Amino acid sequence: MRTQVGIVGAGPAGLLLSHLLALRGIESVVVETRSRAYCEARQRAGVLEDGSVRLLSESGLGDRLAAEGLVHGGIYLQFDGQRRHIDFRDLTGGRTVTVYAQTEVVKDLIAARLAAGGAIEFEVTDTAVSRLDTDRPVLSYTGADGIRRDLECDVIAGCDGFHGICRPAFPPGLASVREREYPYAWLGILADVPPSTDELIYAHHRDGFALHSLRSPTISRLYLQVDPDESIENWPDERIWEHLQRRFALPGWSLREGPVLDKGITPMRSFVSAPMRYGRLFLAGDAAHIVPPTGAKGLNLALADVAVLAPAIDALLRGDGGPADAYSDTCLARVWRSTHFSWWMTTMLHREPGADEMTAQLQLSQLRYVTSSRAAAASLAENYTGYPELPGAAGT
Ligand code: FAD
Ligand code: DHB
């Protein structure tokens, strides 16, 4: 069996890559361990940068996004008993973000690929990659029908997330890993209740960070900082709402409560593995890098990587290896900017266990500065809405 590009993983990176390659007339096969239903229901990110919205729209995936995505022109930062607005439009010359859940991006991508006759094999097992240092790498897997297949490819894209098999397939010692774990995690809930806010609220509180996001005019998404070793069983719904109420409390404002539809705990880490390429294997998205979620960057980085990778593969298959050779460095410029911003937002807003009063005062000083200095607010706004000047945004 043969295809041009073997893609491991049907997350946002793998699916968008398959779509962008198809637009260039390049055939691919996507293999995925989970079921279609699981991929479409997995609750994760919710905020798209300006450039991600343009990228999806310009590649023909913008219909539902335009109809259902909620354009936000800013965020609120809450600390020290006050809630302050950061106005992205004003600070960045009109840039915005769009609230549109990762579940919806994945549904749109799967529908588009299947409608175009694209191959996505769900529920595969024992995925393996081999012959990566040749120009005929092989992607092997056992299909849902129990049949083992060896797919000979021109290129393999490892879009299989942080726990995938592609990054570990690099020869030992080739990649350098930079990593930081944080002493906290996020407990996230999806609630069947209209949001209590028009734009996202990032709240710094002495009990820990909280975030009020949303999925639609009727569904709220909320997060609480918890200890990294917390178990979800210790968090009945009443306890979650009690903590959310305390951390968001503001005179004259109230948080609406409703039935909890989904809940889970996410660990937080910064991780960058470089280079993102070995031979004919290219990594994209969480397979190569992870950011803590506070800057809402993980999904956007995954999309930006494949916006660079699709034309690089196209050129490589036509005999020009230049863009493929530059792929890793090109992506890493954006990856490191987002890694810094996510680390900065995270450390400014979370309570560090055991932190002294000095740390607390430094955080508060930074929050006062970023909400009162136009220069500091503009820097936050520019980072949050994305970096059009870095490759990976639409059309670059
Ligand atoms: P993924 O979405 O992880 O997709 C990888 C795919 O590969 C998966 O479908 C997986 O099943 C499949 N796969 C893995 N191994 C194999 C294999 N061996 N063979 C075949 N397929 C395989 N970002 C934010 O900005 N905000 C958030 O709130 C947020 N919350 C998150 C919560 C969780 C629990 C996680 C894990 C991530 C979260 N992120 C968040 C990050 C964001 O969702 C990711 O950055 C984004 O999903 C990256 O997309 P991806 O396609 O690179 O990887
Ligand atoms: C969401 C997640 C984030 O990490 C973030 O910074 C903002 C919003 C969300 O899931 O809606």
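In each ligand, atom 1 is the first atom listed, and ligand 1 is the first ligand listed. Just so we're clear, the structure is a prediction, and the values are computed from it rather than from any experiment.
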Using the side-chain hydrogen bond (donor to acceptor under 3.5 Å, both in side chains) rule, take Ser270 and Thr339 through it: C-alpha gap first, then chi angles, then the decisive distance, then the call. CA-CA 7 Å; Ser270 298; Thr339 300; over 6 Å; no
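- At under 3.5 Å, not a single nitrogen or oxygen of Arg34, backbone or side chain, sits near a nitrogen or oxygen of ligand 1.
- Contact annotation: for Asp286 versus ligand 1, heavy atoms closer than 4.0 Å belong to both the backbone and the side chain.
- In the vicinity of Pro293, heavy-atom distances shorter than 4.0 Å reach the ligand 2 atoms 3 (C), 4 (O), 5 (C), 6 (O).
- Between Arg84 and Asp80 there is no salt bridge, since none of the side-chain N atoms of the basic residue sits less than 4.0 Å from a carboxylate O of the acidic one.
- Residue Ala45 touches ligand 1 through backbone and side chain together, judged by heavy-atom distances below 4.0 Å.
- A distance of 11.0 Å separates OG1 of Thr98 from CD of Glu49, quoted to the nearest 0.5 Å.
- If you chain together hydrophobic residues whose side chains sit under 4.5 Å apart, Leu48 and Leu20 fall into the same group.
- Neither the backbone nor the side chain of Ala287 comes within 4.0 Å of ligand 1, counting heavy atoms alone.
- Residue-level proximity to ligand 1 for Tyr223 is carried by the side chain, the only part with a heavy atom below 4.0 angstrom.
- Below 3.5 Å of separation, one finds an N or O of Ala13 facing an N or O of ligand 1.
- Contacts between His163 and ligand 1, counted as non-hydrogen atom pairs separated by less than 4.0 Å, are absent for every part of the residue.
- Side-chain heavy-atom separations under 4.5 angstrom define the hydrophobic clusters, and the remaining members of the one that includes Leu187 are Tyr76, Ile189, Val193, Ile201, Leu222, Leu224, Val226, Ile232, Trp235, Ile240, Trp241, Leu244, Phe248, Leu250, Trp253, Leu255, Val260, Ile265.
- A donor-acceptor pair shorter than 3.5 Å can be found between the side chains of Arg221 and Tyr223.
- Between atom 11 (O) of ligand 2 and the options Gly295, Gly298, Ser213, Ser342, the minimum heavy-atom separation is to Ser213.
- An N or O contact shorter than 3.5 Å is missing between Ile165 and ligand 1 by distance.
- Proximity of Thr127 to ligand 1, defined as any heavy-atom pair under 4.0 Å, is confined to the side chain (atoms from C-beta onward).
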Side-chain polar contacts of residues 301-327 - donor-acceptor pairs under 3.5 angstrom, sequence neighbours left out - could you list them?
{"from": "Asp305", "atom 1": "OD2", "to": "Gly285", "atom 2": "N", "distance (Å)": "2.8"}
{"from": "Asp305", "atom 1": "OD2", "to": "His289", "atom 2": "NE2", "distance (Å)": "2.6"}
{"from": "Asp314", "atom 1": "OD1", "to": "Arg318", "atom 2": "NE", "distance (Å)": "2.8"}
{"from": "Asp314", "atom 1": "OD1", "to": "Arg318", "atom 2": "NH2", "distance (Å)": "3.3"}
{"from": "Asp314", "atom 1": "OD2", "to": "Arg24", "atom 2": "NH1", "distance (Å)": "2.8"}
{"from": "Asp320", "atom 1": "OD1", "to": "Gly322", "atom 2": "N", "distance (Å)": "2.9"}
{"from": "Asp325", "atom 1": "OD1", "to": "Arg277", "atom 2": "NH1", "distance (Å)": "2.8"}
{"from": "Tyr327", "atom 1": "OH", "to": "Leu283", "atom 2": "O", "distance (Å)": "2.7"}

